[in-house]
Amino acid sequence: MPLRPAAAALLTAAALTIGTAAPAPVPTPTAAPATADTVSGTFQQVTGFGANPGNLAMYSYTPAGLPSGAPLVVALHGCLQTANDYYRNSGWTTFADRYGFAVVFPQTSSANNSLSCFSWFDATKDSRGVGEAESVVEMVTKAKALYGSDDRRVFVTGLSAGGGMASDLLADYPDVFAGGAIDSGLPAQCATTQGAASGCQNSDQGLTPAQWGDKVRAAYPGYTGPWPRVAIWQGSADTVVRPVNATELRDQWTDVQGVGQNPTSTRSLPGGTTEEVYADAGGRPAVALFTIAGMGHGLAVNPGSAADQCGATGSYFLNTICSSYYTAQFWGLDGGTGPTNPGLPAPTGLTATPTGQGSIALAWQAVSGAASYQVYRNGAMAGSATGPSFTDTGLAPGTSYGYTVAAVDPSGAVGTRSAAVTATTGGGAAQCFTDSNYNQVRAGRATQSGGLTYALGSGQSMGLWNTFVTHTLKQTGPGYFVLADGQC
């Protein structure tokens, strides 16, 4: 993926040829690349990096004088491209020089795939411990040994098929990668066969955020550590990897991170780009979605010498905005901690008072400079208000609801959300359900991942997913259940 119009059958079974011959080498340049960027380091092929079950080639760029303990970025090319193309055009060398980190450029070839695509759709190649995924991680291990890279600051990014593989790597190896960026790519484990690949590219798969998140959690069962910070880049006019993939990626990684699917902040960037940030409860950005109005299929670059410019245009390198610059900032490679929530501070003093069987009255302290406020119920926007109060109506009786509020400035930028409060409408007792974990999942009151069961909404652990473990769940809101053993 990138794809010429003549190759419109990309990633269908008819379009793919999987082989086992060695990848064709890419010539090592002897001078700086012919781009708008000026680089000071070395681009070269690296051999002997491991068993290499995915039959890939490894190339790397290291700035002059790179110190030990620097970050490491893995950058995966798209279909019909090479590591050299990505090195010359993506702009990553500019920021490797500026911020001080090494870049690994894995390369597949037509010997592996007729269009030189990374195999994001093949479970025998994109899963933990096997195939191309394992080869990339072996490259990371080699780079850390060669350059002394900081194993806490390893990141992966990719375009199109490379973006799909980056998604899979983040799911397979959250213990290796601290963050990722998927450019015109696809959700992790969207397809596990060639035949399913085209449907992922072109169609809404109809999965809930929890179902998308389960695909990530199932890639490394039992993992309990932190999840990578993920940036998603998508052109609104992309007809090769449809924009619905960005929505699905957003749903997938916000669910994995345990944050809602409504942005905590929004801002406008150059090139007709809108950035939506999804922060955790501590205000730390977990996911960012960058949507570029009118852009087709490719990697966003913006040649020039300004601080926020990079790269060179070419096939599937599109002149809109320097995505590498904003991705590097999002990961904190510029020395920061990533983007902060722009806009107004969170409202304080939020209260929620039931006013009947179907309504709850909210009030909060006014925020200086606010033009309006957005009110969120159970993570989803419930309405807006011009002043510091709002009454939510049409609610179910005897049901608990959680609320947050954010101030909106005159430009439309949404600020940080308030601390959450909960209120329960009057009348009607909450309904309880006692059944086996297996049946609770089948009834849609719980989910399962890695053989374990979790209450829908609250996410409380219920133990093994089978017919022998029984629990009582109480429904306290639409799609929200809590453990209530012995309480009903």
Side-chain angles (χ1 to χ4, degrees), residues 1-4 23-47 56-64 66 72-110 115-118 136 139 143 147 155-163 165-166 181-185 233 235 271 295-328 333:
M1 252 172 322
L3 179 65
R4 297 189 179 98
V26 173
T28 300
T30 57
T35 72
D37 303 323
T38 300
V39 298
S40 64
T42 302
F43 177 65
Q44 61 186 348
Q45 185 170 5
V46 179
T47 59
L56 304 180
M58 175 180 177
Y59 293 81
S60 70
Y61 176 78
T62 51
L66 181 69
L72 176 67
V73 172
V74 177
L76 299 156
H77 64 77
C79 298
L80 304 174
Q81 292 180 336
T82 65
N84 198 32
D85 293 331
Y86 223 63
Y87 158 70
R88 288 177 172 270
N89 292 76
S90 66
W92 276 109
T93 54
T94 294
F95 304 108
D97 283 348
R98 184 183 302 173
Y99 301 140
F101 56 85
V103 187
V104 167
F105 296 93
Q107 180 182 282
T108 187
S109 72
S110 59
L115 295 172
S116 296
C117 306
F118 287 101
V136 172
M139 294 181 197
Y147 314 127
F155 305 88
V156 61
T157 181
L159 166 63
S160 198
M165 181 58 75
I182 297 102
D183 295 84
S184 302
W233 290 85
M295 192 182 88
H297 188 66
L299 181 73
V301 298
N302 186 212
S305 58
D308 62 349
Q309 291 183 295
C310 72
T313 56
S315 296
Y316 309 106
F317 295 100
L318 307 179
N319 188 0
T320 50
I321 181 175
C322 173
S323 57
S324 300
Y325 169 77
Y326 289 96
T327 296
L333 294 179

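The first residue of the sequence shown is numbered 1, and numbering continues consecutively from there.
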What are the two closest heavy atoms between [X] and [Y], and how far apart are they?
{"X": "M139", "Y": "M58", "result": "O-CE, 3.5 Å"}
{"X": "C322", "Y": "Y326", "result": "O-CD1, 3.4 Å"}
{"X": "S116", "Y": "S110", "result": "OG-N, 3.1 Å"}
{"X": "A96", "Y": "V103", "result": "CB-CG2, 3.9 Å"}
{"X": "L299", "Y": "S323", "result": "CD1-OG, 3.6 Å"}
{"X": "A181", "Y": "T327", "result": "CB-CG2, 3.6 Å"}

Item to complete: Quick one: do T82 and Y59 satisfy side chain to side chain contact (heavy atoms under 4.5 Å, CB included)? Show the steps, please.
Response: CA-CA 10 Å; T82 65; Y59 293 81; over 6 Å; no

Do the ring planes of F105 and Y87 sit parallel (below 30°), tilted (30 to 60°) or perpendicular (above 60°)?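 If you compare the ring of F105 with that of Y87, the planes turn out perpendicular.
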
- In terms of ring plane angle, is the pair Y86 and F317 parallel, tilted or perpendicular, where the classes change at 30° and 60°? tilted

- Message: Please determine whether side chain to side chain contact (heavy atoms under 4.5 Å, CB included) holds for the pair I321 and W233, giving the CA-CA distance in whole Å, both sets of side-chain angles, and the decisive distance to 0.1 Å.
- Response: CA-CA 11 Å; I321 181 175; W233 290 85; 3.9 Å; yes

Query raised in the report: Would you say the side-chain atoms of W92 and T157 include a donor-acceptor pair closer than 3.5 Å?
Result: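 Note: W92 and T157 side chains miss the donor-acceptor criterion.
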
Donor-acceptor under 3.5 Å ([X] side chain, [Y] main chain):
{"X": "Y61", "Y": "G41", "answer": "yes"}
{"X": "S184", "Y": "G298", "answer": "yes"}
{"X": "S324", "Y": "S90", "answer": "yes"}
{"X": "R88", "Y": "A312", "answer": "no"}
{"X": "Q107", "Y": "A83", "answer": "yes"}
{"X": "T313", "Y": "N319", "answer": "no"}

CG of L159 to CG of L76, rounded to nearest 0.5 Å, is 10.0 Å

From H77 atom NE2 to N84 atom CG, the distance as rounded to the nearest 0.5 Å:
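Interatomic distance, H77 NE2 to N84 CG, rounded to 0.5 Å: 11.0 Å.
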
* To do: Give the intermediate values and the outcome of side chain to side chain contact (heavy atoms under 4.5 Å, CB included) for residues N89 and Q81.
  => CA-CA 11 Å; N89 292 76; Q81 292 180 336; over 6 Å; no

Sequence neighbours excluded, the answer for side chain to side chain donor-acceptor pair (under 3.5 Å) partners of S60 is Y147

Under the side chain to side chain donor-acceptor pair (under 3.5 Å) rule, collect the residues that match up with Y325, sequence neighbours excluded.
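For Y325 the side chain to side chain donor-acceptor pair (under 3.5 Å) partners, ignoring immediate neighbours, are Q329.
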
Sorted by chain and number, sequence neighbours left out, ring pair (Phe, Tyr, Trp, His ring centres under 6.0 Å) with Y99 holds for F95

Review point. Can you find a pair of side-chain heavy atoms, one from L56 and one from F118, that are under 4.5 Å apart?
Key: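 Yes, at least one pair of side-chain atoms sits under 4.5 Å.
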
Minimum side-chain heavy-atom gap F155-L333 below 4.5 Å: yes

Next item on the list: With side chain to side chain contact (heavy atoms under 4.5 Å, CB included) as the test, would you mind laying out the steps for S315 and L80 before giving the verdict?
Entry: CA-CA 9 Å; S315 296; L80 304 174; over 6 Å; no

